[in-house]
Amino acid sequence: MNFSRAVVEIYSILYDYFGPQHWWPAESPFETIIGAILTQAVSWRNVEKAIDNLREANLLKPSAIKKIQQDRLADLIKPAGYYNMKAKKLKSFVDFLYNNYAGHLNKMFKVDLPVLRKELLDVYGVGPETADSILLYAGKYPIFVIDAYTKRILSRIGYIPDDIVYHDLQAKIMSVYPADVVKYNEYHALLVILAKEYCKKSAPDCKNCPIMEK
DNA sequence: ATCCGGCGAA
DNA sequence: TTCGCGGGAT
């Protein structure tokens, strides 16, 4: 089976097996962006604790993050790990938002996809995956999010080399489903749950994996 | 190639 | 006690 037919087949199996995931788990686009930054190399479980702290402190809005002291912000997001770095990252995103869009996400999300993507990549702490998560899950732009799980799963099955770079894999998958926000949304989320439950880094449960041939 | 870091599972 | 976690900067 070629790459694109495999991609279609895997989606179908995962969707039937796990059901729709309704990502992103957040109450607002800004909360989605906070989560996208906080979840870098950290389990979502820990991010939830950090976001709960921010919610209790009434900090889940750009104006509040803009005002709070960086050290105090770091203290609140400690459960998400790398808290000094991430406090700086949250601050730099909000600075970017105010400097360019008067602090309004709805203005930012009027910018064309390729232009906004480049702008986001220039923000400290926003790399390809975080930028694409923001674009897809907060902005509803049609861009496919690649992460370590995506590479792990597809390389283990043998459809891609394990050292494939971000953009190449993204382009390959996006050529299968051109500009499909719903598909991109669900597919990435389904790969994440598959990796968490079966395609684990150590001791993967390949025998029970829904996408393995039997 | 290293650093950033708390947290829960193995 | 170690391992791995919905990466990115240096």
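Quantities reported herein were computed from a predicted structural model and do not represent experimental measurements. Just so it is clear: chains get the letters A, B, ... in the order the sequence lines come, proteins before strands, and each one is counted from 1.
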Stacking check W23(A) vs dG6(C) (5.5 Å / 30 deg)
yes
Spacing between K88(A) atom NZ and dG7(C) atom P, to the nearest angstrom
20 Å
Ignoring backbone atoms, establish whether R45(A) has a side-chain N or O less than 4.0 Å from OP1 or OP2 of dG4(C).
no
Could you check whether A189(A) gets within reach of a base, just the sugar-phosphate, or nothing at all, counting any heavy atom under 4.0 Å?
nothing
Can you find a side chain N or O atom of T130(A) that sits less than 4.0 Å from OP1 or OP2 on dG8(C)?
yes
Closest to the W24(A) side chain, choosing from dG8(C), dG6(C), dG4(C)
dG6(C)
Over 60° means perpendicular and under 30° means parallel, so classify the ring planes of Y101(A) and F96(A), tilted if in between.
perpendicular
With the side chain of K49(A) defined as its heavy atoms from C-beta on, choose the nearest nucleotide among dC7(B), dC4(B), dC5(C).
dC7(B)
Tell me which nucleotide among dG7(C), dC7(B), dC5(C) gets nearest to the side chain of E129(A).
dG7(C)
Tell me which of T39(A) and G125(A) sits closer to the 5' end of DNA chain C, going by the nucleotide each one is nearest to.
T39(A)
What interatomic distance, in whole Å, is found between P of dG6(C) and the corresponding atom of dT2(B)?
24 Å
Please work out whether the ring planes of W23(A) and H188(A) are parallel, tilted or perpendicular, with thresholds of 30° and 60°.
perpendicular
D122(A) has an atom CG; how far is it from atom P of dG8(C), in whole Å?
14 Å
Find the distance I77(A):CD1 to dC4(B):P and express it as a whole number of Å.
16 Å
Rounded distance in Å - CG (L136(A)) to P (dG6(C)):
18 Å
Distance check needed: dC3(C) P versus K196(A) NZ, whole Å only.
22 Å
Using a 4.0 Å heavy-atom cut-off across all strands, classify G81(A) as base, sugar-phosphate, or nothing.
base
Can you check whether K151(A)'s main-chain N or O pairs, donor with acceptor, with S155(A)'s side chain at less than 3.5 Å?
yes
Are side-chain N/O atoms of Y166(A) and D132(A) paired as donor and acceptor at under 3.5 Å?
yes
Selection from dG7(C), dA9(C), dC7(B) that lies nearest to any side-chain heavy atom of Y124(A)
dA9(C)
Starting at atom CG of N46(A), determine the distance to atom P of dA9(B), rounded to an integer number of angstrom.
11 Å
Flag this pair as yes if the NZ/CZ of K66(A) is under 6.0 angstrom from the six-membered ring centre of Y98(A) and inside a 45 degree cone about the axis; otherwise no.
yes
Verify stack between W44(A) ring and dG6(C) base, 5.5 Å, 30 degrees:
yes
Nearest-Å distance, CE (M85(A)) to P (dC5(C))?
19 Å
Can you tell me the distance, in whole Å, between the CG atom of L38(A) and the P atom of dC4(B)?
19 Å
Please classify the nucleic acid contact of V47(A) as base, sugar-phosphate, or nothing, using heavy-atom distances under 4.0 Å.
nothing
What about Y184(A) and Y177(A), are their ring centers closer than 6.0 Å?
no
